[in-house]
**Q** 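One structure, pasted below without further comment.
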Amino acid sequence: MTQNQLDADARALITAERNAIVQIYARDGVAGARAIIAGEMRVPGPLAMMLTGPGERLVVGNVAAWPAGVAADNRFTQVAMLRTGHRTPETFATSATPLPGGYRLLIGRSVEEQQRLTETLTTSLVAAVGLALALALGVAYLLARTIAARVQGIADVAGAVAAGDLSRRVDAATDGTGDAFDALGGALNAMLARIEALLDELRSVTDGLAHDLRSPLTRMKARIDRLTRASDGHNAEVAGIGAEADALLAMLETSLEISRVEAGIGRDSFTRMDLAALVVDMVDMYEPLAEDSGVHLTALAATSVPVLAHRELLGRALSNLIDNALRYGASGGEIEVAAVPTADGAQLAVCDRGPGIASASHDDALRRFGRLNAARPAGGAGLGLSLAAAIARLHGGRLTLKANQPGLKVIIDLPART
């Protein structure tokens with residue numbers, strides 16, 4: 001756009017100069033044209049002018065020779081010419097006009113300054129665009145880093161809450177900006193505080209109820225035991241009532257244990273331990289029971305799987321999983337207990353070859369008192385998997401159920417902790 005305007009300006013000046021000389025030539029002849037051209041040449045400037053007569057005889061001008069390839073047809077062209085008194089040729093926008101009597105008029109205007117101006121503008125524009133792009137990228141990078149950090153902080157809190165730590169909150173901004181992220185963090189903190197209060201209230205009610213029920217159940221169990229001893233163990237009804245009382249007490253104890261685990265009790269007792277050794281110990285403990293049930297119980301553990309965990313709670317979780325496998329998967333005749341290191345930490349797994357649990361029922365199986373008729377034909381209160389899942393969450397991990405084709409595979413993934 002700028003170059004086109006400069007070219008148009010140069011052509012307009014050449015046209016005006018040419019028209020003036022042509023009019024003077026028509027009125028005063030060669031002498032008049034010579035006079036005005038000579039006057040123009042005395043003024044320093046960008047003009048190149050030349051008037052030639054018949055036989056290309058130079059009449060007046062400041063150009064050493066008529067430029068090759070320039071015809072006297074009033075067309076505009078750019079050529080390099082050397083002006084009188086100059087050492088180097090220059091680029092000129094030129095136009096040549098035929099005059100009566102075999103004369104020719106050449107008028108040119110130097111475009112060297114225009115070209116330098118155009119190059120300067122182009123260089124400046126490229127530099128400005130480059131600088132603007134660099135600044136835009138820098139600002140975008142800083143904004144992206146800032147936004148990513150704010151979002152990551154909220155995501156970390158959400159992940160910790162999902163893992164069971166309801167005490168986590170989004171950090172409040174200290175610069176007083178009060179932006180949208182601050183508003184989001186404040187709303188999220190208020191919601192988490194409300195959820196934590198409701199869960200604490202629910203736990204308080206359920207724990208209180210369980211404690212209140214445990215005392216009368218314990219007294220009832222003691223009376224049943226006295227009746228059983230009084231009947232020398234021959235009263236089947238009394239013995240059955242005693243068994244039900246034992247099951248109910250065990251259910252209450254497990255419910256209280258789940259509540260304690262979900263409340264985070266035990267997290268401050270984590271120590272360095274070896275999962276492989278825990279698996280071997282649990283398999284050794286359950287092996288006689290497995291043999292009585294006709295099940296081959298195997299430990300598949302790496303040489304060493306170090307983790308930071310609560311050994312007693314993990315042992316309780318693994319005990320529940322093995323007990324469930326013996327109870328519901330013994331028909332497969334084979335149970336494997338594994339402990340292996342992973343890229344993100346470690347993994348415990350108990351695999352059986354029994355009837356398994358349909359994938360659509362996995363979520364139901366992990367709920368408290370979630371008993372599945374098809375997969376759990378007898379016994380149990382539906383709390384074993386719930387307790388194991390709560391222990392996994394206490395460790396920042398996760399319990400999942402997968403098909404073992406045939407059978408069920410229960411996996412506890414534990415994150416790496418320092």
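Along the sequence shown, the residues carry numbers beginning at 1.
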**Q** Distance-only, no hydrogens or angles: does the T146 side chain make a donor-acceptor pair with backbone N or O of L142 under 3.5 Å?
**A** yes
**Q** For S361 and I357, work out which heavy atoms get closest and say how close.
**A**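 Heavy-atom minimum between the residues: CB-CG2, 3.9 Å.
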**Q** Might you point out which heavy atoms bring G329 and D352 nearest each other, and give the distance in Å?
**A** CA-CG, 4.0 Å
**Q** Which heavy atom in V305 sits nearest to a heavy atom in A339, and how many Å separate them?
**A** CG2-O, 3.7 Å
**Q** In Å, rounded to the nearest 0.5 Å, how long is the span from CD of Q152 to CD1 of I147?
**A**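 Reported to 0.5 Å precision, the distance equals 14.0 Å.
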**Q** List the steps, then state whether side chain to side chain contact (heavy atoms under 4.5 Å, CB included) holds for L314 with L275.
**A** CA-CA 9 Å; L314 277 185; L275 280 185; 3.8 Å; yes
**Q** Could you check if a side-chain atom of T94 sits within less than 4.5 angstrom of a side-chain atom of M81, using non-hydrogen atoms only?
**A**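 The answer is yes; the side chains approach within 4.5 Å.
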**Q** When rounded to the nearest 0.5 angstrom, what distance separates OH in Y286 from CG in D292?
**A** 13.5 Å
**Q** Are V283 and T298 close enough that some pair of their side-chain heavy atoms sits under 4.5 Å apart?
**A**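 Side-chain contact under 4.5 Å: no.
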**Q** Counting distance only, does the side-chain N/O of T15 pair as donor-acceptor with the main-chain N or O of R11 below 3.5 Å?
**A**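 Looks like yes, one N/O pair under 3.5 Å.
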**Q** Between I154 and L188, is any pair of side-chain heavy atoms under 4.5 Å apart?
**A** yes
**Q** Measuring only between side-chain heavy atoms, which start at C-beta, is V70 closer than 4.5 Å to W66?
**A**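 Yes. Closest side-chain heavy atoms under 4.5 Å.
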**Q** Taking H310 for the side chain and T271 for the main chain, is one N or O donor matched with an acceptor at less than 3.5 Å?
**A**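 No.
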**Q** Nearest 0.5 Å please: distance from the CZ atom of R104 over to the OG1 atom of T97.
**A**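 Here the rounded value is 11.5 Å.
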**Q** Within a strict 4.5 Å, meaning less than it, do heavy atoms of the V60 and N62 side chains meet?
**A**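 Contact flag for V60/N62 side chains = no.
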**Q** Between I21 and L105, is there a side-chain heavy-atom distance shorter than 4.5 Å?
**A**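 They are in side-chain contact.
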**Q** Assess, by modelled atom type and distance only, whether the side chains of S95 and R18 contain a donor and an acceptor separated by less than 3.5 Å.
**A**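 Yes, because at least one side-chain N or O of S95 sits under 3.5 Å from a partner of the opposite role on R18.
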**Q** Identify the two heavy atoms, one from S110 and one from F92, that lie closest to each other, and give their separation to 0.1 Å.
**A** N-CD2, 3.2 Å
**Q** To the nearest 0.5 Å, what is the distance between CZ (R109) and CD (Q78)?
**A**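 One gets 13.0 Å once the value is rounded to the nearest 0.5 Å.
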**Q** For the CE atom of M282 and the CG atom of L321, what is their distance to the nearest 0.5 Å?
**A**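 Rounded to the nearest 0.5 Å, the CE-CG separation comes out at 9.5 Å.
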**Q** Any chance CZ of R398 has more than 12 other-residue heavy atoms, nucleotides or ligands included, within less than 6.0 Å?
**A** no
**Q** Is there a side-chain contact between L387 and I391 (heavy atoms, below 4.5 Å)?
**A** yes
**Q** Please lay out, stage by stage, how M273 and V307 fare under the test side chain to side chain contact (heavy atoms under 4.5 Å, CB included).
**A** CA-CA 6 Å; M273 59 163 292; V307 294; 3.7 Å; yes
**Q** Testing the basics here: between P46 and R83, what is the closest heavy-atom pair and its distance to 0.1 Å?
**A** C-NH1, 3.6 Å
**Q** So, does H362 use its side chain to make a donor-acceptor pair with the main chain of L401 at under 3.5 Å?
**A**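 Confirmed, H362 side chain pairs with L401 backbone.
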**Q** Heavy-atom distance under 4.5 Å between the side chains of L51 and L99, does that happen here?
**A** yes
**Q** Say whether, by atom type as modelled, one donor and one acceptor occur between the side chain of D274 and the main chain of S304 under 3.5 angstrom.
**A** no
**Q** Do you know which two heavy atoms are closest between R353 and Q405, and how far apart they sit?
**A**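 In this case the closest contact between R353 and Q405 is NH1-O, 3.5 Å.
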**Q** Going through the distances and angles, do L278 and R311 end up as a side chain to side chain contact (heavy atoms under 4.5 Å, CB included)?
**A** CA-CA 8 Å; L278 176 64; R311 192 181 194 284; 3.8 Å; yes
**Q** Roughly how far, to the nearest 0.5 Å, is CG of D413 from OG1 of T400?
**A**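 T400 atom OG1 to D413 atom CG measures 5.5 Å (nearest 0.5 Å).
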**Q** Considering residues, nucleotides and ligands other than D344, do more than 12 of their heavy atoms fall under 6.0 Å from its CG?
**A**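 Check fails, neighbour count at 12 or below.
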**Q** Could you walk me through whether K402 and I411 pass the side chain to side chain contact (heavy atoms under 4.5 Å, CB included) test, one step at a time?
**A** CA-CA 8 Å; K402 293 185 179 179; I411 299 172; 3.9 Å; yes
**Q** Is the shortest distance from a Lys or Arg side-chain nitrogen in D323 or R316 to a carboxylate oxygen in the other one below 4.0 Å?
**A**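 Salt bridge between D323 and R316, a charged N being under 4.0 Å from a carboxylate O: no.
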